[in-house]
Each structure stands twice: as structure tokens, then as C-alpha cells.
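Naming: A, B, ... by sequence-line order, numbering from 1 per chain.
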Amino acid sequence: MIKTPDTEELPAQYDARQTESAIYQRWLDADLFAARDSRSARVGGDREPFVIVMPPPNVTAVLHMGHGLNNTVQDVIVRWRRMRGDEALWIPGTDHAGIATQNVIEKQLAAEGSTRFDLGREAFVERTASFVAETGNEILRQLRSIGASCDWNRTAYTLSPALSHAVREAFVQLYERGLIYRGHRVIHWCGRCMTSLSDEEAQHGDEAGKLYHIAYPVVGTRQEKLTVATTRPETMLGDVALAVHPDDERYRDLVGQMVRLPIAEIDIPVIADEYVDPAFGTGVVKITPAHDPNDFEVGVRHKLSMPVIMAPDGTMANGADAGSRVPASLVGVDRFAAREQIVSLLEKLGSLGRTEPHAHAVRHCYRCDTVVEPRLSDQWFVKMKPLAEPALAGVRDGTIRILPERWEAVYINWLENIRDWNISRQLWWGHRIPVWYCDSCGEQVVSRTDVSACTKCDGPVRQDEDVLDTWFSSWLFPISTLGWPDKESPSLAAFYPTDDLVTAPEILFFWVSRMIMAGYAFMGAAPFHTVYLHGTVRDTEHVKMSKSLGNGIDPLDVVEAYGADALRYTVISGMGMGADLVLDHRDLERSFAPGRNFATKLWNIGRFLLSKVGNETVQSPDSVADGDLDLSDRWILGRLDATIAACDAALGPARPGGGRWTEAERFSGLRLSEYAESARAFVWNDLADWYLESTKFRIESPGPGRDAARAVIVHVFDQALRLLHPIMPFITETLWQRLPESVAGSRGDFIATVAWPERSSSSPERDREIADFEIVKEAVTAIRQLRSDYAIPPGKPIEVFVSQNRNAALFGKNAPLIGRLTRSSTSMGAPASAQGAAHLLLSDGSELIVPLGGLVDLSKECGKIRGELEQLETQLQSLSGRLRNEGFIKRAPASVVEAERRKEGDWLKRREQLADKVKALCGG
RNA sequence: GGGCGAGUAGCUCAGUUGGUUAGAGCGCCUGCCUUACACGCAGGAUGUCGGGGGUUCGAGUCCCUCCUCGCUCACCA
């Protein structure tokens with residue numbers, strides 16, 4: 001695209017809505033976000049690859065602030081690296097979200113008075129697929145409106161043919177390596193979603209329950225009873241034993257005897273097992289192997305039967321080997337209603353002892369919050385210990401870092417105690433488990449390709465009915481999106497391993513740690529070197545934002561009202577490392593003010609500057625004759641350098657220098673809010689408040705001064721826009737396109753792909769010039785303070801005399817500037833009469849005298865100076881005390897002592913000056 | 001119960017290996033519609049750095065302890 005410098009004034013108001021979509025389209029047309037395999041240095045190209053894989057949102061999801069924050073962070077990083085010359089690749093995608101998506105369709109069916117069973121599996125899957133085909137990319141489209149610079153050509157979907165192929169390959173490989181097995185055990189079951197869940201999906205929640213004491217009569221005795229304490233009396237129908245601790249004296253004689261299970265009227269044995277804690281409850285535990293994971297272990301140890309007494313939907317039922325333990329009156333009754341009924345039954349039978357309140361943690365389904373039912377069943381599991389080992393080592397040895405640092409401990413703690421992963425889901429929507437069973441010979445065939453007959457006896461086979469956990473496909477995302485399992489995939493060679501993974505801590509276990517395991521398991525290398533965990537978006541009460549709670553913010557509303565740049569800036573600047581982002585959903589205006597105000601400021605700076613600079617070509621500051629640059633020019637160029645350095649430091653190293661993070665760099669960088677603040681402060685406080693104000697006059701009078709100012713302004717603004725572009729891509733692109741051409745030649749077509757700013761070398765001379773301008777600023781500020789103190793109207797001209805001047809040349813040259821910035825006439829020398837004048841002492845020792853006629857309040861002036869003197873005395877005292885302290889002189893580093901000495905000298909001089917002033921003004 | 005972390009201005013947070021007079025944004029107060037910007041300009045106020053103890057010439061920073069809050073894991077029925 002050709003840049004179009006525009007002499008016409010920019011519109012007074014920046015119209016984000018109109019501008020943003022047009023610019024985004026131009027970026028797409030120019031194909032700026034497409035990464036090419038061949039350009040990666042790993043395959044002989046000349047650019048370092050830099051890759052981020054997007055945490056794939058659910059296909060059913062619509063954009064919320066959590067996505068807004070997550071993707072803004074990724075986009076800022078990717079845009080930064082793109083400008084740094086990396087072959088930057090951001091892979092977008094969605095996740096088929098087994099349970100969530102199936103729920104959506106089942107709800108639709110329910111509204112139509114139908115169920116998935118009415119429809120049948122094939123038709124149901126077809127319907128779901130077409131729903132997804134229609135709506136599935138909505139969230140990715142929405143991401144474009146916040147400026148996401150993804151390589152859309154590579155958009156991935158976990159249930160696509162390519163990624164499904166990867167899933168099947170992963171399953172078969174792990175099976176062949178003995179890391180996948182079918183297990184018969186108690187798992188977490190959600191009776192609402194009608195599926196089993198992994199440990200991670202069954203989350204603990206505190207509940208106020210009750211501890212019911214139930215008496216079991218000992219068979220063959222008249223009176224003797226054993227009392228157990230349980231929180232779940234409804235499971236008693238599945239009891240197969242009572243257990244006591246082998247060393248528990250109270251019950252030793254009873255071990256081996258039988259007790260009678262009330263209601264079911266069945267005799268069960270009393271057994272001894274170490275698992276029992278004699279100190280808890282009565283020291284007797286009812287053993288229900290099919291409905292409690294611990295009881296299951298006991299059952300295995302003691303070879304007990306394992307009756308299942310509930311149906312999958314959580315109603316009481318006479319399961320396969322339940323032996324009709326459930327009385328007819330309870331069959332079909334929901335487990336919680338059954339609890340009440342059983343309690344009252346026991347009460348009638350005289351078997352219920354006391355009931356006491358008992359707080360305990362109960363697992364809930366992470367999708368629908370239903371209380372999870374432990375249930376005995378057959379599921380496929382991944383053996384995790386062997387997979388966890390390299391993943392642990394990777395973080396321990398610095399191959400992978402996790403930011404903020406504290407999450408590394410959490411990660412390690414989890415992996416050290418990892419348990420096998422149940423990957424079977426009793427759903428229809430997902431990757432069907434690639435296992436076929438032969439009914440004739442019992443063979444179990446695990447295969448990469450579909451199987452139609454038994455490989456052993458050629459008999460008929462049926463495929464496992466279950467699908468895989470959705471996370472079993474998303475844990476492959478960094479490799480499957482790049483072409484795995486095709487080892488020849490050029491993208492895999494060019495872009496694996498990737499670089500950063502940006503997400504919320506909630507899915508550290510669900511997803512991040514499993515991706516790391518998969519990376520090592522299938523590629524032999526970590527999938528990324530940096531995990532960046534950002535905070536959560538919360539409302540002003542610190543409650544997590546969510547649509548269902550009604551405290552959410554729709555990012556598209558924000559984009560509509562204030563623009564994507566405002567959203568992005570607000571999010572980035574408000575988010576410290578790992579800190580939560582607090583926004584007020586009732587007051588978007590206020591919440592997004594930081595971004596909106598800054599965007600407007602930027603726009604107005606651009607408007608002002610472009611109208612003053614005109615559209616004739618500009619020189620580069622390097623080519624301006626040295627004498628034509630004035631103090632403010634040198635100062636702003638110095639500030640620019642410092643700002644570039646500050647931004648670079650905040651962003652830090654993009655990748656570990658030598659393959660692994662060193663201690664020094666490990667937890668540095670990605671301080672996005674600091675980067676944003678450095679860039680903002682430069683633009684607003686340095687460029688707008690001081691430089692532009694200082695240059696206003698010069699730029700309007702033709703001559704070399706004007707040319708120099710134009711060169712510097714355009715250069716500095718160009719660089720500032722570049723620094724801000726990753727955060728505010730749209731407005732920076734818009735303004736940048738309007739910058740006049742430089743004689744140095746074309747800058748490039750898009751700021752999005754132009755080079756990131758580099759610092760020019762600093763020199764002691766430049767440092768001194770920066771310090772000089774700071775003195776000028778101090779003079780200006782002091783005079784403005786004076787105006788404010790004496791309530792002198794802003795429009796009223798005043799006179800300022802610079803006397804006792806220790807920087808005569810500096811003030812002589814800059815007196816007109818000081819005058820303009822303070823609406824005063826500033827001159828060198830002393831006023832005819834210092835009577836009724838205010839006195840300002842600057843830190844360099846210079847003195848400004850401002851005659852105020854009758855306005856001056858002598859006692860006020862004295863009070864001010866005395867106050868300052870007093871404060872200085874106090875500080876001087878502690879400083880001098882420190883310098884008299886031998887311990888300090890001897891033990892503190894010489895440089896520190898030296899600095900303190902110099903400071904003491906300065907302060908002594910200033911004290912003398914202040915004291916003189918007091919004497920002169922206040923009569924001693 | 002195990003592991004981890006946090007408590008700094010009214011709010012959200014920075015404060016690098018201990019070393020000036022502890023910072024920023026927002027909010028607040030005062031005065032200004034100064035022809036780029038009132039979504040702005042200029043000026044201003046605000047901290048027992050959670051409490052207590054210790055190490056040190058020197059502690060917001062290191063150690064101990066207590067209090068409060070948070071995260072995370074977890075089979076005491």
C-alpha cells in the first residue's frame with residue numbers, strides 16, 4: 001500500500017469504529033499475519049521463528065472479557081516479535097468441547113420435545129457437526145474485532161480430520177507403549193452429564209453435611225451392635241462389610257463375625273483394615289466398594305463383592321450384581337431423596353443413632369456443578385507417572401519457565417502427586433475411542449484405522465462406545481496444529497517447539513501441564529519455553545466476571561463504544577504480572593477511561609503535530625546540522641532512548657539465550673503493564689506536555705529551527721507509535737500512515753511490520769543536555785507553582801528575573817522558552833527593587849525573583865522557606881549521622897559512601913542559601 | 001489437612017541482588033473552555049510499607065512469630 005500523507009486536518013474526533021475494521025481488512029489483504037515455514041531459521045530461513053498457540057476457545061463460546069484479556073496479551077507479544085523481525089506465528093483454533101457442545105444440542109432437542117436417544121447416535125453427531133459448522137467460528141471472527149493478528153490460514157479445530165488423526169495416533173502410540181490401559185475402578189460420575197470425569201473435572205467444594213450414626217446388629221447376639229458414622233446413608237444398601245482398625249481393642253473380638261445390614265436384611269462380615277482411622281467417628285467404617293474409591297481399595301484387598309446400587313442418572317437401582325438389595329419402594333428414587341427416606345426408615349427400625357452436622361468437601365462436576373457420584377465402572381486411563389517425569393524435569397532445569405514464578409511450585413506439587421487420567425467419556429460428541437472388541441474371542445483391538453473384523457478370529461467386532469476427553473485432543477494442540485504426526489511436516493520443522501503459552505491459571509493442570517507431557521512424549525521436546533499465566537477479570541466486588549452472574553462485560557460493546565485500542569490499552573496497563581484485572585460492569589465509561597483517554601490524547605497529538613509539520617518530506621534527526629538542534633530536541637531524543645530501553649527491559653528476552661533460562665533471565669520480562677506505562681509516560685508526559693509545548697513557537701517560524709523541529713517531531717512520534725503499536729494497533733497504524741515521508745526513504749508500508757525502535761548510543765554529553773533541560777523544566781514548574789500559590793490568574797503576565805545564576809548560559813539561552821511556558825517575561829539579572837518579590841531557589845542553586853507588587857505575602861514566603869529549611873535540616877541530620885557512623889564508612893560500598901558525601905555537600909550549600917534567604921526576607 | 005502466595009496512598013498495583021526524601025494509574029482537592037486535546041491543561045493533598053521481635057552501619061526488601069486474605073491439591077468415612 002502507498003502511504004497517503006494528508007495535508008487535510010484530521011477529524012477532531014477519532015472514530016475508532018469506522019477506522020478499525022477498514023485497517024484490519026488492509027492487514028488481511030496484505031497477508032501480514034501469515035507466517036511462512038520457509039522463512040524460519042530452523043529450516044534455512046533468515047528469521048527466528050516465534051510462535052504462540054492460542055488456547056482454543058470452545059466452539060460454542062462467545063467472546064467475553066476473559067478471552068479479550070487472554071488474546072490481547074498474546075497479540076501484544078506476537079506483534080512485538082513481528083516488529084522485531086521474527087517470523088511470528090500465532091495459531092488460532094477452537095475446541096470441540098465434548099460435554100458443553102453436547103449439552104447445547106441436547107437442550108435444543110429438549111425444547112423440541114426430543115432426546116438424543118430418539119435421534120440416535122449418528123444423526124445426533126451429524127446435527128451437532130452442522131451446528132458447529134454454522135456457529136463454530138463466531139468467536140474467532142469476534143477476535144478480529146479486537147485486532148488479533150493470527151495466521152487465519154492455519155485455523156485449527158480439534159475435531160477436524162487432521163487433528164482427529166493426531167488424536168488417534170496419540171492414543172495408539174501410548175497404548176503400544178503400555179501407557180494406556182482399561183481399568184475397572186471407582187471413578188467420578190456426573191449423573192446429569194451422564195459421563196465419567198477426570199479428577200481435575202471433579203472439583204472439591206465445601207458442603208455442610210451431616211454425620212449419621214447407624215447401628216448394625218451383630219449376628220448371633222441379642223443386644224450387640226456396631227455403629228458406623230457416615231455422611232451418605234443412601235449408600236448403605238451397597239455395603240459389603242464393616243471395617244475396623246486391626247489394632248483397635250474395642251472391636252478386636254468382632255473381626256470375623258457377621259453383622260446384619262438394616263433394610264437390605266443381608267449379613268455382611270466385620271473385617272480389619274489399616275485404612276480405618278480409629279479416632280474418627282466410631283472407628284467403624286461401612287464398606288461400599290462400588291460407591292467410594294477407598295472402599296473399593298478395601299474391597300479389592302479383601303476380595304469383597306461390589307454391588308452397584310444406583311443407575312447412571314443417580315437414582316437408586318438394583319444394579320447388575322446388587323442382588324436385589326434395593327427395596328422396591330426406593331428403586332427409581334433420586335439419591336438425595338433416597339437419603340431422606342433411608343434415614344427415616346432407619347429411624348423406624350431403631351437403627352439410627354445421633355445425627356450431627358459435619359462440614360466436608362464434596363466433589364462437583366466442573367461443567368454443571370452436580371454433586372459427583374463415585375461409581376464403579378470400566379474406563380480407559382493414561383498412566384501418568386512416566387509422562388510426568390520429563391515434564392517435571394523441564395521446569396526444574398529451566399527449559400520451561402512459568403510466570404509468575406509462584407505457579408512453578410504449584411505445578412511441581414501437582415505433578416509430583418499425579419494420578420492416572422481417566423480419558424473415557426460416555427458422550428457421543430468427540431473422538432471415538434479407537435478400540436474394537438470381539439465378542440466371539442474376547443480380543444481387544446486398538447488400531448489407527450477402523451477395524452471391521454477381529455484381527456485374531458475374524459469374528460464381528462464393535463467399537464468402544466465412548467469418546468475421549470476433550471483435553472485428550474487439546475493436549476496435542478502445539479504439535480497437531482503444526483502437522484504432527486506427520487514427521488515430515490514442514491511446519492513442525494519450522495515452528496516446533498513454540499515459544500510462549502498464554503493462559504489463565506485455571507487450566508494449568510487441565511491443559512498446560514498435559515501439553516508439556518505430550519510435547520515430551522511425542523516430540524521429545526517441551527512444546528514451549530514460557531508459560532505466562534495472567535489474572536482473572538473481576539468486578540469491583542472482586543467476583544469473577546461471568547455472563548451467568550450478570551456481572552460480565554461484552555468486549556464487543558467496548559469496541560463499539562471506545563474502540564479496540566481503548567480496550568487493549570486498558571487491559572494491558574491495568575494488569576500487573578499475574579494480578580487480577582478489576583473492571584466495573586456498571587460503568588464502562590469509567591472502566592475503560594484509561595484506554596479511551598490515551599487513544600484520544602494520541603489522536604490529538606497526531607492532529608496537532610501533523611498540522612504543524614505539514615506534508616513536505618522531513619529530514620532524519622541524524623542529518624540535521626548539530627547547531628540547529630536545540631536543548632529540547634536533544635532532551636526528547638534522550639528521553640526516547642530511555643523509553644526504548646525501558647520498554648525493552650519490561651518486555652525482556654523473547655527466548656532463552658542458550659536453550660535454557662538462566663537464573664538471571666528466568667523471571668524477567670513480559671511486564672506488559674510496565675511496558676505500557678513507559679510508552680504512555682513518554683508520549684503524554686515527555687512528548688506532549690514538554691516537547692510539543694516547547695516547540696510550538698519554533699515550528700511556526702520558518703528557518704533551520706523549524707526544519708530541525710519537524711525532523712525531531714516526526715522521528716520521535718514515529719518511534720513512539722512503533723512502541724505503542726503492539727498495544728494499540730489501529731490508531732497507531734492510522735496515524736503512522738499519515739506521517740510525511742522522510743528524506744531517509746520509505747519507512748515501509750505498514751507499521752505492523754516495520755522495525756521495532758532501537759536506542760541510539762548515549763553519550764555523556766547527551767546526558768548532560770538531558771540534565772540541563774531538566775533544570776529548565778524545574779524553573780518552569782517553580783514559576784507555575786508560584787502562580788498557583790498566589791492565585792495569580794493564568795492570563796495575567798508576570799515578570800521573572802533570573803539572578804544568582806549558576807547556569808547563566810543555559811538560562812540566557814532558554815529565558816524566552818521559560819517565559820512562554822509560564823506566560824511571563826523572563827530576563828536575566830535582578831529587578832530594580834526586590835521589595836515585594838517572591839524568591840525561588842532551584843536545585844542547581846539558581847535563584848528566580850518574581851516581583852509581585854502588593855500580592856506578595858511576606859509571612860507566607862517566610863513560612864515556605866522556613867518549612868523547607870526545617871525539612872532539610874532533619875534530612876541533613878540523619879545523613880550527617882550516617883556519615884559520622886564508622887560502621888557505615890567502613891562497611892558500606894565506597895560508591896554509596898561517595899554518593900552520600902556528595903549529597904551532603906549539596907544539601908549544605910542549599911541550607912546556606914535557604915538560611916540567607918530567611919535572613920534577608922524575614923529579618924533574621 | 002498438605003503445598004504456595006499476598007497484605008505498600010481511598011482503589012488497582014510497581015518497588016530489581018538490603019543503600020537517596022517509597023512510586024505509577026485511577027480517584028480526590030484547587031484554578032483554568034490558554035485556537036491539538038475539558039476524554040484536556042496547570043497546581044496540590046494523601047503512606048505507623050498488616051502487628052511484634054530479630055539480623056545489619058543501614059530493612060518495604062533478609063530471618064522468626066502472630067493476625068488477615070487468597071490460590072492450589074486432598075480418600076478421614
Side-chain angles (χ1 to χ4, degrees), chain A residues 9-10 12-13 199 204 211 228-232 235 243 275-277 279-282 284-288 292-297 358 360-361 374 404-414 416-417 505 508-509 540 542 562 566 573-582 589-591 593-594 596-612 649 664 667-668 671 673-674 676-677 680-681 688-689 692-693 696 781 784-789 791-795 822-823 871-872 874-875 878-879 882 885-893 895-897 899-900 903:
Chain A
E9 249 185 47
L10 294 175
Q13 206 74 47
D199 293 344
H204 289 276
L211 208 47
V228 304
T230 180
T231 54
R232 307 192 54 211
T235 62
Y275 153 68
V276 181
D277 175 4
F280 186 87
T282 60
V284 186
V285 183
K286 58 193 272 308
I287 301 299
T288 324
D292 183 286
N294 301 303
D295 293 6
F296 173 78
E297 297 299 324
H358 180 68
H360 60 147
E405 180 180 357
R406 64 174 181 275
W407 287 104
E408 288 194 354
V410 176
Y411 170 93
I412 286 168
N413 186 245
W414 185 76
E416 282 176 341
N417 298 295
L508 180 59
F509 307 135
T540 48
H542 289 212
Y562 313 114
S573 68
M575 197 189 54
M577 171 68 71
D580 289 339
L581 179 69
V582 178
E589 175 95 11
R590 191 182 151 198
S591 292
R596 184 199 55 170
N597 294 356
F598 185 44
T600 305
K601 185 70 184 181
L602 209 54
W603 183 253
N604 280 300
I605 290 170
R607 214 151 67 86
F608 168 76
L609 173 157
L610 292 172
S611 72
K612 299 292 182 199
F667 301 112
S668 71
R671 264 65 181 176
S673 60
E674 289 175 32
E677 173 55 16
R680 184 210 64 83
D689 291 347
L692 292 184
E693 292 301 329
K696 268 182 177 168
T781 301
R784 285 171 173 172
Q785 274 169 354
L786 188 86
R787 265 189 188 278
S788 181
D789 282 351
I792 300 167
T822 57
R823 296 186 161 228
Q871 203 191 338
L872 188 64
T874 321
Q875 285 164 7
S878 103
L879 178 62
R882 204 174 315 153
N885 184 330
E886 261 181 60
F888 176 69
I889 301 297
K890 263 198 285 194
R891 287 176 226 210
S895 61
V896 173
V897 177
E900 298 289 88
K903 193 164 63 185

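Backbone-only contact: A:His360 has heavy atoms under 4.0 Å from sugar-phosphate atoms and none from a base. When heavy atoms are screened at a 4.0 angstrom cut-off, A:Ser668 is found touching no nucleic acid atom at all. Heavy atoms of A:Asp295 sit nowhere under 4.0 angstrom from any nucleic acid atom. The residue A:Gln13 sits close to a base: some heavy atom pair falls under 4.0 Å. Residue-level contact check: A:Arg784 touches the backbone only, with heavy atoms under 4.0 Å from sugar-phosphate atoms and none from bases. The residue A:Tyr275 sits close to a base: some heavy atom pair falls under 4.0 Å. Using a 4.0 Å heavy-atom distance criterion, A:Trp603 is classed as making no nucleic acid contact. Residue A:Glu674 is in sugar-phosphate contact alone, with no base atom involved, counting any heavy-atom pair closer than 4.0 Å across all strands shown. Residue A:Ala688 is in base contact, counting any heavy-atom pair closer than 4.0 Å across all strands shown.
Residues A:Leu211 and A:His360 are not in side-chain contact: their nearest non-hydrogen atoms beyond the backbone lie 4.5 Å or more apart. The closest side-chain heavy-atom distance from A:Phe667 to A:Met577 is not below 4.5 Å. You'll find the side chain of A:Asp292 stays beyond 4.5 Å of the side chain of A:Thr235, heavy atoms only. Side-chain contact between A:Glu589 and A:Arg596 is present, with at least one heavy-atom pair separated by less than 4.5 Å. Looking at heavy atoms from C-beta onward, A:Tyr275 lies out of side-chain contact with A:Glu297 at the 4.5 angstrom threshold.
Contact annotation: side chain of A:Glu693 to base of B:rA36, donor-acceptor pair present below 3.5 Å. Looking at A:Asn417, its side chain has no donor and acceptor atom pair within 3.5 Å of the base of B:rG3.
Look at the C1' atom in both B:rG2 and B:rC75: the space between them is 14 Å, to the nearest Å. Using atom P as the reference point in both B:rC28 and B:rC64, the two lie 43 Å apart (nearest Å). Remark: the separation of the P atoms in B:rG52 and B:rA42 is 41 Å, to the nearest Å. Between B:rG31 and B:rC37, the distance separating the two P atoms is 23 Å to the nearest Å. Taking atom C1' in both B:rA14 and B:rA22, one finds a spacing of 11 Å when rounded to whole Å. Comparing B:rA59 with B:rG51, their P atoms are spaced 15 Å from each other, to the whole Å.
Each of A:Glu886 and A:Asp689 was assigned the nucleotide of RNA chain B with the nearest heavy atom; the assignment lying further toward the 5' end belongs to A:Asp689. For the pair A:Asn294 and A:Met577, nearest-nucleotide mapping onto RNA chain B gives the more 5' position to A:Met577.
As the counterpart of B:rG43, B:rC29 is assigned, both hydrogen-bonding distances of the Watson-Crick or G-U wobble pattern falling under 3.5 Å. Using N1 to N3 plus N6-O4 or O6-N4 for Watson-Crick, or N1-O2 and O6-N3 for G-U wobble, each under 3.5 Å, B:rU35 pairs with nothing. Nucleotide B:rG70 has B:rC4 as its partner under the Watson-Crick or G-U criteria, with both atom distances under 3.5 Å. Within the shown strands, B:rC57 is the pairing partner of B:rG19 under the Watson-Crick or G-U definition, both distances less than 3.5 Å.
Note that CG of A:Leu786 and OG of A:Ser788 are 9.5 Å apart. Values are rounded to the nearest 0.5 Å.
Taking atom CD1 of A:Ile287 as the reference point, atom C1' of B:rC76 lies 12 Å away to the nearest angstrom. Following rounding to the nearest Å, A:Phe280 (CZ) and B:rC76 (C1') show an atom-to-atom distance of 6 Å. As a whole-Å value, the separation of A:Arg607 CZ from B:rG40 P is 14 Å. Straight-line distance from the CG atom of A:Leu508 to the P atom of B:rG3: 19 Å, rounded to whole Å. A:Phe509 places its CZ atom 8 Å from the P atom of B:rU72, with the value rounded to the nearest Å. Whole-Å rounding puts the A:Glu297 CD to B:rC75 P distance at 12 Å. Summarising the geometry, the separation between CG on A:Asn413 and C1' on B:rC73 is reported as 6 Å, rounded to the nearest angstrom. Following rounding to the nearest Å, A:Arg671 (CZ) and B:rC13 (P) show an atom-to-atom distance of 15 Å.
Using modelled atom types, one side-chain atom of A:Asn604 and one backbone atom of A:Thr600 make a donor-acceptor pair closer than 3.5 Å.
Contact check, A:His358 against B:rA77: a side-chain N or O comes under 4.0 Å of OP1 or OP2. One finds no side-chain N or O of A:His542 lying less than 4.0 angstrom from the OP1 or OP2 phosphate oxygen of B:rG70. An OP1 or OP2 oxygen of B:rG44 is reached within less than 4.0 angstrom by a side-chain nitrogen or oxygen of A:Gln785.
Using cut-offs of 30° and 60° on the angle between ring planes, the pair A:His358 and A:Phe280 is perpendicular.
Counting only heavy atoms from C-beta on, A:Thr781 has its side chain closest to B:rG43 among B:rA77, B:rG43, B:rC73.
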Contact list (N/O, under 3.5 angstrom) for nucleotides 28-34 of chain B vs protein:
from	atom 1	to	atom 2	distance (Å)
B:rU34	O2'	A:Arg823	NH2	3.2

Extract from the structure each pairing of a protein N or O with an N or O of nucleotides 18-27 of chain B at less than 3.5 Å, listing the distance.
from	atom 1	to	atom 2	distance (Å)
B:rA24	O2'	A:Glu677	OE2	3.0

Pairwise N/O distances under 3.5 Å, protein to nucleotides 5-9 of chain B:
none

Note to self: Using side-chain hydrogen bond (donor to acceptor under 3.5 Å, both in side chains), reason through A:Arg882 and A:Asn885 one step at a time and then give a plain yes or no.
What the structure shows: CA-CA 5 Å; A:Arg882 204 174 315 153; A:Asn885 184 330; over 6 Å; no
